[in-house]
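To start, the structure itself, in structure tokens.
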Amino acid sequence: MEYNFREIEPKWQNFWRENKTFKAEIREDKPKYYVLDMFPYPSGAGLHVGHPLGYIASDIFSRYKRLQGFNVLHPMGYDAYGLPAEQYAIQTGQHPAITTENNINRYRSQLDILGLSYDWDREVRTCDDKYYKWTQWTFLKLFGSYYCNDAQKARPIEELISVFEKEGNQNINAATTQSEKFSAEEWKNFSDKEKADVLMNYRIAYLSDSMVNWCSELGTVLANDEVVNGVSVRGGYPVERKSMRQWSLRITAYAERLLNDLDTLDWTDSLKEIQRNWIGKSQGAAVYFKLENGESLEVFTTRADTLFGVTFMVLCPEHEMITSLTTQEQKEEVEKYVSWAKNRSERERQAEVKKVSGVFTGSYAIHPLSGERVPIWISDYVLAGYGTGAVMAVPAHDSRDFAFAKHFNLPIKQVVVPHGEQEEDTSLWQESKDSKAGKVINSDFLNGLDVKDAIKTAIQYIEDKNLGYGTVNYRLRDAIYSRQRYWGEPFPIYYKDGIATPISESELPLLLPEVDKYLPTESGEPPIARAKNWQTKDGYPYDCNTMPGFAGSNAYSIRYMDPNNTEALVSKEANQYWQNVDLYIGGSEHATGHLLYSRFITKFLFDIGAVCKQEPYQKLINQGMIQGRSNFVYRVKGINKFVSYNLKGEFETDPIHVDINIVDNDVLDIEKFREWREEFKNADFVLEDGKYICGYEIEKMSKSLYNVQNPDDLVEKYGADTLRLYEMFLGPLEQSKPWDTKGIEGVSRFIRKFWRLYHDKDNNYTLSEEAATKDELKALHKTIKKVQEDIERFSFNTSISTFMICVNELSDLKCNKKEILEPLCILLSPFAPHITEELWNLMGNKTSISFASFPAFDESVLVENTFKYPISINGKMRANIEIALGISQEEVEKIVLANAEVQKYIDGKPIKKIIFVPKKIVNVVV
RNA sequence: GCAUCUGUGGCGGAAUAGGUAGACGCGCUAGACUCAAAAUCUAGUGGGGUAACACCCGUGCCGGUUCGAUUCCGGCCAGAUGUACCA
């Protein structure tokens with residue numbers, strides 16, 4: 001009998017559950033460490049081997065930190081609101097809560113068999129009213145706050161109201177869409193509705209008519225990060241631009257802080273870079289162009305140095321000044337163009353980026369510096385959402401303006417000469433010169449300046465003459481926060497005489513109502529509108545939208561600190577103790593969604609004093625994706641005959657995906673294949689060496705490609721410890737890699753070998769109390785040192801290699817000494833918790849291994865009195881010489897030169913130099 | 001187009017501070033045990049070369065710094081990911 005994981009693994013899982021071994025409580029005597037996994041959306045498909053990768057890694061680190069004496073918080077929960085459950089509800093009528101509950105139970109059982117050390121008492125579910133009460137509470141706070149640019153933080157909206165009453169909004173510097181100024185007097189005379197409308201322009205959570213990504217297939221709007229290439233991320237349905245009244249969050253107010261604080265985080269450069277790009281800060285200038293009708297048009301530019309190169313202006317088709325600008329002659333054409341542009345779907349627009357289109361308004365602006373007349377055009381290459389929705393076109397130095405000028409035959413004026421070039425005839429150009437280095441020409445007072453200096457000088461000039469001002473623009477947009485769906489958090493808002501009014505905090509949570517169908521109403525209202533009595537006691541209607549998928553995950557890491565608190569999101573005490581997440585593990589696909597939104601919300605909660613940290617996740621590791629490895633069989637065209645991979649060239653074949661569970665090391669199990677599907681029952685095969693070899697390809701892991709590897713099957717076959725080790729052994733945590741079961745035998749062998757160290761031939765536990773030998777101690781301490789270093793840098797694959805070497809050495813030494821094997825058992829416990837708990841118990845220990853301390857590394861065991869010096873001659877390794885440590889460089893050189901092997905290579909030539917690197921190498925240059 | 005990352009045997013991958021490249025595992029080859037198989041154990045396994053050594057070549061490509069480069073610098077090529085009319 002060998003190591004029996006089928007009996008031992010459930011035994012210890014039960015032990016941990018019953019003893020609440022991993023329960024985390026505030027303990028002032030211990031330092032805290034908070035390890036968090038991105039909680040999963042419980043989909044109907046269950047877990048595949050890709051999901052546990054991060055969970056196993058975080059579990060190893062949690063267990064390691066516990067051994068080091070840290071009080072570890074390691075919770076898990078479910079991001080339970082989401083589209084799939086709702087889509088399923090629409091099709092079947094089954095309540096999404098039931099689907100979700102079932103899926104969660106399946107997830108839980110799959111997680112349990114992996115032996116993960118979660119504190120399940122802290123589980124959260126975003127669809128649980130006790131949880132979403134705080135999602136709604138956060139929304140009320142966002143609604144009740146504005147962002148003060150002077151203080152650089154969120155402030156209560158009441159403060160703003162009292163300022164309005166005293167002095168109007170003349171001196172307010174806040175993040176707002178309010179452009180009209182008013183006095184205290186005017187404010188007092190506003191109607192309630194007017195006041196509410198003004199305040200709405202300042203709130204951090206606000207209602208506005210905004211251009212949204214509307215997906216009619218899903219019947220809802222989507223955030224920018226939920227749309228890729230003009231189609232929805234979920235489902236791949238077309239998305240169009242549409243103006244709708246929606247809730248938004250003023251995340252743009254936090255752009256600067258979100259950008260700057262990236263520097264304080266221990267994240268990978270690539271992830272920080274993704275966020276920086278998404279925020280997209282650009283420094284530049286706003287410039288006013290006077291119009292002939294007396295109005296003024298504001299544009300944003302990063303290239304104020306090229307002002308004299310402006311030969312036309314372009315407005316986006318949505319620009320509000322189009323009507324007033326269009327002349328009578330151009331009216332018809334402009335209207336035609338604008339309606340054409342508005343009706344294009346996002347996808348069409350993106351697909352035809354290179355096609356130039358546009359129309360002339362008939363009007364002109366006056367160039368602020370030269371006084372020349374500049375024609376004003378309309379084109380959809382100018383985006384409504386960025387800057388002012390209008391640009392000054394400098395065709396000579398901007399490729400888009402250039403393409404436009406070429407297409408409509410507009411003048412092109414060169415104002416920058418790149419270093420080492422001469423001014424050229426722009427009519428001969430095939431492309432613009434966009435480079436940001438060179439000397440300015442044809443530009444009056446800017447002539448001769450370098451681009452960089454010219455930008456500064458130009459901005460200074462326009463500021464002095466009141467023609468504009470230096471400013472900053474961000475690409476980041478406010479987050480659209482409402483969805484026209486059922487399965488989400490209702491907004492704690494009702495409408496009193498058309499004014500959006502918050503319900504009081506004491507009425508939270510506002511429960512998600514029951515509905516008869518999960519579809520929009522006949523009049524096109526969201527599904528919640530179907531609910532009976534969806535109104536306050538006084539009969540005012542509630543908001544019918546629900547919050548988006550990311551709402552529930554914004555502050556979940558904070559809620560885990562105090563998940564059962566009914567009085568607050570988190571108590572001061574719990575928040576002070578747990579602070580924020582020390583280690584966060586999850587996929588990088590959340591870079592511009594969850595990771596940005598939750599940073600924003602955490603900063604907001606910090607501003608209102610609800611939490612003590614500005615950043616939610618101090619260190620972040622993105623585990624790589626595990627791709628699927630699909631197998632193929634090759635069917636001869638037209639007949640039911642299959643050709644082995646290497647012989648398929650002789651036939652005309654179609655590759656067909658075959659279930660990887662009936663393929664072993666690319667060899668097809670023909671019997672199982674025949675049973676797999678009715679149509680293959682009578683199939684013929686052309687074999688090679690008596691086997692049918694399948695082809696393979698690396699693809700996404702997906703049910704439809706028959707390449708999903710289920711962790712349960714592997715646990716059943718090899719045990720959880722082996723699966724844990726193997727997932728880590730597969731390669732570096734952060735790298736994407738294809739799943740491949742080939743190597744799992746190797747770690748399975750290692751586990752059995754490890755077990756055998758503690759047992760004799762008949763599988764009886766035998767450890768001796770004898771003192772360990774020098775070699776045994778060396779093997780152990782070498783391992784302690786390296787494993788600790790490897791864990792610290794999350795190189796779990798190499799730590800496992802180190803364990804393998806150690807076990808091999810101890811097997812060779814026939815070591816069965818407790819002095820060695822007890823610390824080794826502790827050392828391995830984060831990786832393989834079940835087998836080590838069993839051995840720990842066999843060794844006579846009463847408590848769980850989690851409370852043991854990490855084995856101390858004894859340097860003295862590894863100290864040698866001699867060192868093997870590699871000797872290189874002219875940089876090439878030629879010999880090894882054993883030399884006592886601590887002797888002088890001169891002596892080392894003497895010994896080296898006296899060596900016969902070395903003499904052979906020096907071959908009598910004069911020695912130019914000897915380079916001696918202590919403990920490393922001696923290099924002789926001849 | 002732009003940004004970030006990656007490129008090492010038949011395969012997954014080591015090499016932590018510029019110092020004997022290929023640890024560890026898989027696979028493969030031979031052998032031991034066995035009637036046989038499984039399991040286990042032993043030896044070998046980058047390429048060329050040799051009876052065996054010696055020796056030569058080798059970390060995507062080209063160049064640089066250095067006594068010495070997988071590692072640092074410059075330029076290219078390829079792949080992955082993200083993002084894209086952001087003025």
What do you reckon, are the aromatic ring centroids of A:Phe754 and A:Phe803 less than 6.0 Å apart?
no
Could you give the distance separating B:C5 and B:C85 at their C1' atoms, to the nearest angstrom?
26 Å
Quiz item: A:Lys272 side-chain donor-acceptor pair to B:U4 base, under 3.5 Å
no
From B:A84, B:G82, B:U42, pick the nucleotide closest to the side chain of A:Asp812?
B:U42
Output yes when at least one side-chain N/O atom of A:Asn808 is less than 4.0 Å from OP1 or OP2 of B:G25, else no.
yes
Minimum-distance nucleotide (side-chain atoms of A:Arg878 versus B:G13, B:A3, B:C55):
B:C55
Do the rings of A:Tyr469 and A:Tyr288 sit parallel, tilted or perpendicular, given the 30° and 60° boundaries?
tilted
Using a cut-off of less than 4.0 Å, is there contact between a side-chain N or O of A:Tyr905 and OP1 or OP2 of B:C55?
yes
Side-chain contact check for A:Lys876: nearest option of B:A87, B:A15, B:C57 is B:C57
Which nucleotide wins on minimum distance to the side chain of A:Met877, given the candidates B:A21, B:U83, B:U4?
B:A21
Nearest-Å distance once atom C1' is located in both B:U70 and B:U16
14 Å
Applying ring-ring contact (aromatic ring centres under 6.0 Å, His included), can you list everything that pairs with A:Trp739, at least two apart in sequence or on another chain?
A:Tyr726
Dot-bracket notation for RNA chain B is requested: 5' to 3', Watson-Crick or G-U wobble pairs only, both distances under 3.5 Å, with ( ), [ ], | and . as defined.
(((((((..(((......[....)))((((((.......))))))(((......)))..(((((..]....))))))))))))....
Syn/anti state of B:G9 by chi, 90° boundary around 0:
syn
Quickly, which of A:Ile881, A:Val896, A:Ile873 forms a side chain to side chain contact (heavy atoms under 4.5 Å, CB included) with A:Val922? Name it, please.
A:Val896
Which whole number of Å gives the distance between the C1' atom of B:U29 and that of B:A14?
24 Å
Hey, are A:Asn763 and A:Tyr3 close enough side-chain-wise for a donor-acceptor pair under 3.5 Å?
no
When the distance from CZ of A:Phe796 to P of B:G13 is rounded to whole Å, what number comes out?
17 Å
Minimum-distance nucleotide to A:Asp380 side chain [options: B:C26, B:A23, B:C85]:
B:C85
On the 0 to 90° scale, with breaks at 30° and 60°, tag the A:Tyr869-A:Phe916 ring pair as parallel, tilted or perpendicular.
tilted
Per A:Ile805 side chain, nearest of listed nucleotides B:C24, B:G19, B:U16:
B:C24
Close aromatic pair by centroid cut-off 6.0 Å: A:Phe404 and A:Phe312:
yes
